Amino acid sequence: MVNGYQIMMRRVMGALLITSLLVLSACGNAGDTTGQQSATTNKPADAQTVELTLMDQTFNLEVALDFASRNQGLSDRNSIDATGGMLFKFTSPVKTQFVMRRCYVPIDLIFIDEDGYIDSLHAMAVIEPIGGARWKNPSSGYPTAGKILYAVELKGGKIAELGLSRGEKIELPEAVLQLKAQ
């Protein structure tokens with residue numbers, strides 16, 4: 001027989017599990033970094049990509065559709081191409097946050113809701129000192145304002161260069177809309 005305390009503890013543990021799964025990493029975790037990668041950007045050789053145009057500039061973005069690729073993000077990259085980056089798609093709208101972990105370059109982060117509007121924007125700086133405790137386990141993240149379905153990471157400085165702002169509509173191409181997240 002299950003008592004009230006056991007039910008409450010199961011709910012708390014379930015909530016903690018869900019929360020831990022939703023705190024994603026823009027720059028991955030301290031786990032596996034194996035796999036064949038490009039010498040200049042550390043981009044996986046077999047990365048799926050999609051084109052996205054923002055303010056008349058076209059970006060060729062790697063796609064992160066499952067938990068492992070979303071968690072890895074742009075971790076361990078030495079550089080990001082001027083028109084490169086990553087597009088994250090979630091299975092359903094979520095309120096979440098990204099963190100900088102094992103990132104060697106600044107990253108601009110754009111959260112986009114399911115209707116294509118910019119939810120929030122963040123300029124994520126490299127956490128110093130590289131290799132220190134905060135580098136491995138950052139304490140603060142970059143949160144969404146509301147629920148989002150997409151996140152885009154670009155080379156640092158791109159948000160200002162493009163003049164993007166919160167509430168702006170992003171026209172997502174059919175190739176992006178058709179991506180199936182896991």
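Note that this is a predicted model, so its numbers are computed, not measured. Index from 1, following the sequence.
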- Message: Which residues pass the ring-ring contact (aromatic ring centres under 6.0 Å, His included) test with Tyr142, not counting sequence neighbours?
- Response: His122
Output the distance between atom [atom1] ([X]) and atom [atom2] ([Y]), rounded to the nearest 0.5 Å.
X: Met86; Y: Glu62; atom1: CE; atom2: CD; answer: 4.0 Å
X: Phe111; Y: Gln97; atom1: CZ; atom2: CD; answer: 8.5 Å
X: Tyr104; Y: Asn78; atom1: OH; atom2: CG; answer: 7.0 Å
X: Ile110; Y: Ile170; atom1: CD1; atom2: CD1; answer: 6.5 Å
X: Phe98; Y: Leu74; atom1: CZ; atom2: CG; answer: 9.5 Å
X: Ile148; Y: Asp115; atom1: CD1; atom2: CG; answer: 13.0 Å

Ignoring hydrogens, what is the shortest heavy-atom contact between [X] and [Y]? Give both atom names and the distance.
X: Gln57; Y: Ala82; value: NE2-O, 4.0 Å
X: Leu109; Y: Ala151; value: CD1-CB, 4.2 Å
X: Thr96; Y: Phe90; value: CG2-CZ, 4.5 Å
X: Ile107; Y: Ile80; value: CG1-CD1, 3.8 Å
X: Pro173; Y: Leu52; value: CD-CD1, 3.6 Å
X: Ala175; Y: Val50; value: CB-CG2, 3.7 Å

- Message: What verdict does the side chain to side chain contact (heavy atoms under 4.5 Å, CB included) test give for Leu154 and Leu54, after you've listed the backbone C-alpha separation in whole Å, the side-chain angles of each residue and the deciding distance to 0.1 Å?
- Response: CA-CA 11 Å; Leu154 303 173; Leu54 301 169; 3.9 Å; yes
- Item | Contact check, side chains of Leu61 and Thr83, non-hydrogen atoms, under 4.5 Å |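 They are not in contact (no side-chain heavy atoms under 4.5 Å apart), so the answer is no.
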- Got Gln48 and Leu65 here, is their nearest side-chain heavy-atom distance under 4.5 Å? yes
Contacts table for residues 159-167: side-chain donor-acceptor under 3.5 angstrom, sequence neighbours left out:
unit_1, atom_1, unit_2, atom_2, d
Glu161, OE2, Lys158, NZ, 3.2
Ser165, OG, Glu168, OE1, 3.3
Arg166, NE, Asp119, O, 2.5

- Message: Looking at Lys89 and Ala64, would you say the former's side chain and the latter's main chain have a donor-acceptor pair under 3.5 Å?
- Response: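 Checked: no pair found.
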- Mark yes or no for whether Arg70, through its side chain, and Phe88, through its backbone, hold a donor-acceptor pair below 3.5 Å. no
- Task: List the steps, then state whether side chain to side chain contact (heavy atoms under 4.5 Å, CB included) holds for Thr49 with Val63.
- Result: CA-CA 5 Å; Thr49 61; Val63 177; 5.5 Å; no
- Task: Check side-chain contact (heavy atoms from CB on, under 4.5 Å) between Lys169 and all other residues, then give those that pass, not counting sequence neighbours.
- Result: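 Residues passing side-chain contact (heavy atoms from CB on, under 4.5 Å) with Lys169: Tyr117, Glu171.
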- Task: Compute whether any side-chain donor of one residue and acceptor of the other, for Ser120 and Thr144, lie under 3.5 angstrom apart.
- Result: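 The answer is no; no qualifying pair exists.
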